[in-house]
Amino acid sequence: MPEIHLTRKSIASCALVFAALAAGGCASIDFDYPRTPSSAYTDTQDTHYGGSIGELVAGRPPEQSGFFPVVDGIDSLAVRLMMAERAERSIDLQYYLIKNDLSGSALFDALLKAADRGVRVRLLLDDIFTKGYDTGMAAIDSHPNFEIRIFNPFYRGFAGKFRSGLTDFGRINRRMHNKSFTVDNMVTMVGGRNIADEYFGAREDAKFGDLDVVGVGPVVQDVSTMFDSYWNHSTALPLGAFAELPEDPAAELERVREVLKQDRAEIAQSRYADAVRQHIADLLNTSSDAFLWAPYELVYDSPDKGIKSKAGEADSIVTPLAQSLKSATTEVIVISPYFVPRKSGVEALVGMVERGVRVTIITNSLAANNQFSVHGGYAPSRKPLLEGGVELFEVRPDADVSGSEVVAASGAKATLHTKAFLVDDREVFIGSFNFDPRSANINTESGVIIRSPELARHFEQDVRSGLEQETYELFLNEDGRLRWRSRRDGTDDILHKEPETSWYQRLMAGLMRLLPIRSQL
């Protein structure tokens, strides 16, 4: 390897380059850009959902809301499209990720149609995966009824993300991971799904198992209050504050409409589109009795968590989640795709076992995980957890994912993406929170704790009935070595290394274990 000699002149030149980048980056975001505050409409009782849901809510105890869990991926997209199509006053949606793919195109098509009908649409989107979207977003934002704001935007232009990391890492490291979709302040959907084909069974090469829940009743206003707190926060910026806007937004909007029209025509005759239409028809025939009524608590981080200097004092989702878990007396089931417990987390889980609580953790196997770094952060915790009596299961890469059967090829890799937990036979959490340091300390998260013995029983039965077919059970052999037990289809195989992985996958995960990055995972 050749030697590199740095002279004072070259060091000074590098310093000038970095200073120029920093100066350019600082000048490219206007944090004082004018914003008009707005809030959720409250006079929506005369809308379609106001009438139908008003009848459901009437006479219910004020501490209860109605909930309808959605496991199936096609159902999940169908619900969102159906909600958008029936919106009359407002649509508020908050997401970490919306991809420019089949499902993203279908959603934006539905949102633009709603805006054309006079519905106010407010979209709050994290900036982590918006590269190349600025012109299209600006075009849509030019619609008089459609407004887009971006959470903690990166610097644009040459080496924009590099400049962001160099000069403003403390800010751009904090991302908005919340997910919510609310129509007419009458019905809402929260959970773990982003807007991308893999979450809705629309990709042939990948399928993400996830969980959402539709809510009606008082929980909807709670979600709207959360949305408004983020929408009007200093971390949520209009596109004009940081992005180069098109010279002719109206012309660009027409181009976007044409693209969406072509996409709609292209997918209209597909098997997947037929399936979505059928699922919408089925949902329209679903009885109102499908809603489960129960006390609840909407839990979420303050948007101040997105500001490093304020994060330490900001209201945290960790507080109510920890209170719920600590209250367990018989059983805890945690489902988390990215599970990276620190030493204190391991001790807390083992402490529950010592108190007589059965603790079960379900997370991704290395073969199912889409993040080598996360698996590298998780792997060291397996042995102490098992030694402490915690039951540990890892999802198989060939697991069945409801809603993926229409287009998913036989070789499509399954990835767990559900974030949920059960406490005893009395309450269930569904949301965006992973059991990792990033969700706890860096990103903003949201979800709902539903205090329902009926939902808890169904949740526990569904989870345990699927463990044998969809997961590997981890255990320590007589020599204290980690092993995986596969019990699918009546067989009982003992595996001595990470199942269904290559030497390269194991090498990469092993290398990630050596990096001092667990606090960022």
Compile the donor-acceptor pairs under 3.5 Å between side chains in residues 504-515 and protein atoms, sequence neighbours left out, one pair per line.
residue : atom : partner : partner atom : Å
Q505    : OE1  : S502    : N            : 2.9
R506    : NH1  : T501    : O            : 2.8
R506    : NH1  : T501    : OG1          : 3.0

Distance-only donor-acceptor pairs under 3.5 Å for side chains of residues 292-301, two or more places apart:
residue : atom : partner : partner atom : Å
Y296    : OH   : V219    : N            : 3.2
Y296    : OH   : D222    : OD2          : 2.6
E297    : OE1  : R451    : NH2          : 3.0
D301    : OD1  : I317    : N            : 2.8
D301    : OD2  : K305    : NZ           : 3.1
D301    : OD2  : E445    : N            : 2.9

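Applying the side chain to side chain donor-acceptor pair (under 3.5 Å) rule to E331 yields the partners R464; only residues at least two apart in sequence or on another chain are considered. Applying the side chain to side chain donor-acceptor pair (under 3.5 Å) criterion to S327, with sequence neighbours excluded, gives R426.
Contact of the S180 side chain with the M226 side chain is registered, since non-hydrogen atoms from C-beta on lie closer than 4.5 Å. Side-chain atoms of E498 and W484, non-hydrogen and from C-beta on, do get closer than 4.5 Å to each other. In this structure, the side chains of L474 and F393 stay at 4.5 Å or more apart for every pair of heavy atoms. In this structure, L93 and T182 have side chains that are not in contact, with every pair of non-hydrogen atoms separated by 4.5 Å or more.
Residues S324 and I449 share a closest heavy-atom pair of CB-CD1, 4.2 Å. Counting all heavy atoms, side chain and backbone alike, A78 lies closest to L283 at CB-CD1, 3.8 Å. Shortest non-hydrogen contact noted between L455 and P69 is CD1-CG, 3.9 Å. Across all non-hydrogen atoms, the minimal contact from G73 to F200 is O-CD2, 3.3 Å. Among all heavy-atom pairs drawn from H177 and N434, the shortest one is CE1-ND2, 3.8 Å. Scanning all heavy atoms of the two residues, the minimum distance from S224 to N185 falls at OG-OD1, 2.6 Å.
Between F421 and F435, the angle of the ring planes goes over 60°, which puts this pair in the perpendicular group of the 30/60° scheme.
With 3.5 Å as the limit, one finds a donor-acceptor pair spanning the side chains of D72 and S402. In summary, the side chains of N178 and S432 do not present any donor paired with an acceptor at a separation below 3.5 Å, with no hydrogens or angles considered. A donor and an acceptor atom, one from each side chain of D197 and S103, are located under 3.5 Å apart. Between the side chains of N364 and R396, not a single donor N or O lies within less than 3.5 Å of an accepting N or O. A donor-acceptor pair shorter than 3.5 Å cannot be found between the side chains of E198 and H417. Counted by atom type alone, D228 and S39 present zero donor-acceptor pairs between their side chains at under 3.5 Å.
Under the 4.0 Å criterion applied to side-chain N and carboxylate O atoms, K413 and D398 are not assigned as salt-bridge partners. The residues R485 and D493 are annotated as not salt-bridged, no charged nitrogen and carboxylate oxygen being separated by less than 4.0 angstrom. Using a 4.0 Å cut-off between charged side-chain N and carboxylate O, R122 and D92 make a salt bridge.
Taking the centre and axis of the six-membered ring of F475, the NZ or CZ atom of R483 falls outside the cone set by 45° and 6.0 Å.
The aromatic ring centres of Y378 and H375 sit less than 6.0 Å apart.
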- Message: Show, in sequence, the C-alpha distance, side-chain angles and deciding distance for T130 and D127, and conclude whether the side chain to side chain donor-acceptor pair (under 3.5 Å) test is met.
- Response: CA-CA 5 Å; T130 63; D127 202 32; 2.4 Å; yes
- Trace of the side-chain contact (heavy atoms from CB on, under 4.5 Å) decision for D304 with E313: CA-CA 8 Å; D304 281 348; E313 303 299 323; over 6 Å; no
- Message: Apply side-chain contact (heavy atoms from CB on, under 4.5 Å) to residues I442 and N173 and explain how you reach the verdict.
- Response: CA-CA 7 Å; I442 302 174; N173 188 41; 3.8 Å; yes
- Take D424 and T330 through the side chain to side chain donor-acceptor pair (under 3.5 Å) test and state the conclusion after the steps. CA-CA 5 Å; D424 297 338; T330 58; 3.0 Å; yes
- Give the C-alpha distance, both sets of side-chain angles, the deciding distance and a yes or no for side-chain contact (heavy atoms from CB on, under 4.5 Å) between R457 and E460. CA-CA 5 Å; R457 285 194 299 271; E460 197 268 347; 5.9 Å; no
- Output, in order, the C-alpha distance, side-chain angles, deciding distance and verdict of side chain to side chain donor-acceptor pair (under 3.5 Å) for Y199 and N194. CA-CA 7 Å; Y199 297 91; N194 295 298; 2.9 Å; yes
- Report the C-alpha separation of D205 and R203 in whole Å, then their side-chain angles, then the decisive distance to 0.1 Å, and conclude whether the salt bridge (Lys or Arg N to Asp or Glu O under 4.0 Å) test is met. CA-CA 6 Å; D205 60 339; R203 269 181 66 171; 2.8 Å; yes
- Task: Apply the test salt bridge (Lys or Arg N to Asp or Glu O under 4.0 Å) to residues E473 and R487: give CA-CA distance (whole Å), side-chain angles for both, the deciding distance (0.1 Å), then the verdict.
- Result: CA-CA 8 Å; E473 180 183 4; R487 285 178 167 162; 3.3 Å; yes
- Task: May I have the step-by-step check of salt bridge (Lys or Arg N to Asp or Glu O under 4.0 Å) for R382 and E394, ending in yes or no?
- Result: CA-CA 11 Å; R382 293 186 291 198; E394 294 180 353; 3.0 Å; yes
- Item | Pair M83-Y49, side-chain contact (heavy atoms from CB on, under 4.5 Å): steps then yes or no | CA-CA 9 Å; M83 288 169 62; Y49 282 121; 4.1 Å; yes
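With values rounded to the nearest 0.5 angstrom, T44 atom OG1 is found 9.0 Å from I53 atom CD1. Between K310 atom NZ and R174 atom CZ the span is 13.0 Å, to the nearest 0.5 Å. A distance of 10.0 Å separates CG in D184 from CG in D43, rounded to the nearest 0.5 Å. Taken from CD in Q94 to CH2 in W231, the straight-line distance is 10.5 Å, to the nearest 0.5 Å. The CD1 atom of I430 lies 4.5 Å from the CG atom of L211; values are rounded to the nearest 0.5 Å. How far CD1 of I195 is from CD1 of I98: 6.0 Å, rounded to the nearest 0.5 Å.
Across N443, D126, T444, a single residue satisfies side-chain hydrogen bond (donor to acceptor under 3.5 Å, both in side chains) together with R175, and that is D126. Across K419, K179, R80, a single residue satisfies salt bridge (Lys or Arg N to Asp or Glu O under 4.0 Å) together with D212, and that is R80.
E405 places a side-chain N or O within donor-acceptor distance of the main-chain N or O of G403, the cut-off being under 3.5 Å.
Heavy-atom neighbours of Q461 CD from other residues, nucleotides or ligands within 6.0 Å: above the threshold of 12.
Among residue pairs with one or both ends in residues 352-365, those qualifying as salt bridge (charged side-chain N to carboxylate O under 4.0 Å, His left out) are R358-E391; sequence neighbours excluded. Applying the side chain to side chain donor-acceptor pair (under 3.5 Å) test to every pair with at least one member in residues 334-344, sequence neighbours left out, gives these pairs: Y338-N370.
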